[in-house]
Peer 1: 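Following this message is one structure expressed as structure tokens.
A, B, ... follow the sequence lines: proteins, then strands. Residue 1 opens every chain.
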Amino acid sequence: MKRAPSTYEIIWETIRHIPKGKVTTYGEVAEQSGLPRQARLVGYALHNTPHGLDIPWHRVINSQGKISLPKQNGSYAKQKKLLLKEGIVFTGDKIDLKKYGWLRRLKNRK
DNA sequence: AACGTGACAAGGC
DNA sequence: AGCCTTGCCACGT
């Protein structure tokens, strides 16, 4: 029998749909996955992404338009390189979400 | 089975 | 702009 998809699998599936040349935030992925306000879970899921899984993990950035990876170990540079290759422009260390954001950021607070 | 942790986000200063 | 606090919840110990 088919087991229900785990929370991680739902998140990975959402990320798989982000088009090339666009970026989105952790919070938005959470929302699109039906897990509102659980951005941290998205980060956790990404951190645990299996190697074989082919998803555009680099298109996920934080709500400030910045890369959320440490600059020390090179993973920051790796993500930036992948984004630059897709034509995304950095202003300093930030990306303009209004310009490159996948979907509009909806604030469904309240 | 409780507890600390985390590739986050929003609000208050 | 930057720092601090709080809300969030699946996971590994």
Peer 1: NE2 of A:His17: more than 12 outside heavy atoms within 6.0 angstrom?
Peer 2: yes

Peer 1: Roughly how many Å is it from CD in A:Glu31 to C1' in C:dG7, rounded to a whole number?
Peer 2: 15 Å

Peer 1: Could you run down the sub-3.5 Å N/O contacts of the protein with nucleotides 5-8 of chain B?
Peer 2:
{"unit_1": "B:dG6", "atom_1": "N9", "unit_2": "A:Arg40", "atom_2": "NH2", "d": "3.1"}
{"unit_1": "B:dG6", "atom_1": "N7", "unit_2": "A:Arg40", "atom_2": "NH2", "d": "2.7"}
{"unit_1": "B:dA7", "atom_1": "O4'", "unit_2": "A:Ser68", "atom_2": "O", "d": "3.2"}
{"unit_1": "B:dA7", "atom_1": "N7", "unit_2": "A:His47", "atom_2": "N", "d": "3.3"}
{"unit_1": "B:dA7", "atom_1": "N3", "unit_2": "A:Tyr26", "atom_2": "OH", "d": "3.0"}
{"unit_1": "B:dC8", "atom_1": "N4", "unit_2": "A:Arg40", "atom_2": "NH1", "d": "2.5"}

Peer 1: Tell me the interatomic distance from A:Arg37, atom CZ, to C:dG7, atom P, rounded to whole angstroms.
Peer 2: 13 Å

Peer 1: Does any donor atom in the side chain of A:Trp57 or A:Thr49 lie under 3.5 Å from an acceptor atom in the other side chain?
Peer 2: no

Peer 1: Charged N to carboxylate O under 4.0 angstrom, A:Glu86 versus A:Arg59?
Peer 2: yes

Peer 1: Could you state the CD-C1' distance from A:Gln38 to C:dT6, rounded to the nearest angstrom?
Peer 2: 15 Å

Peer 1: Mind running side chain to side chain contact (heavy atoms under 4.5 Å, CB included) on A:Val23 and A:Val60 for me, showing each step along the way?
Peer 2: CA-CA 6 Å; A:Val23 294; A:Val60 186; over 6 Å; no

Peer 1: Could you check whether atom CG of A:Asn73 has more than 12 heavy atoms from other residues, nucleotides or ligands sitting under 6.0 Å from it?
Peer 2: yes

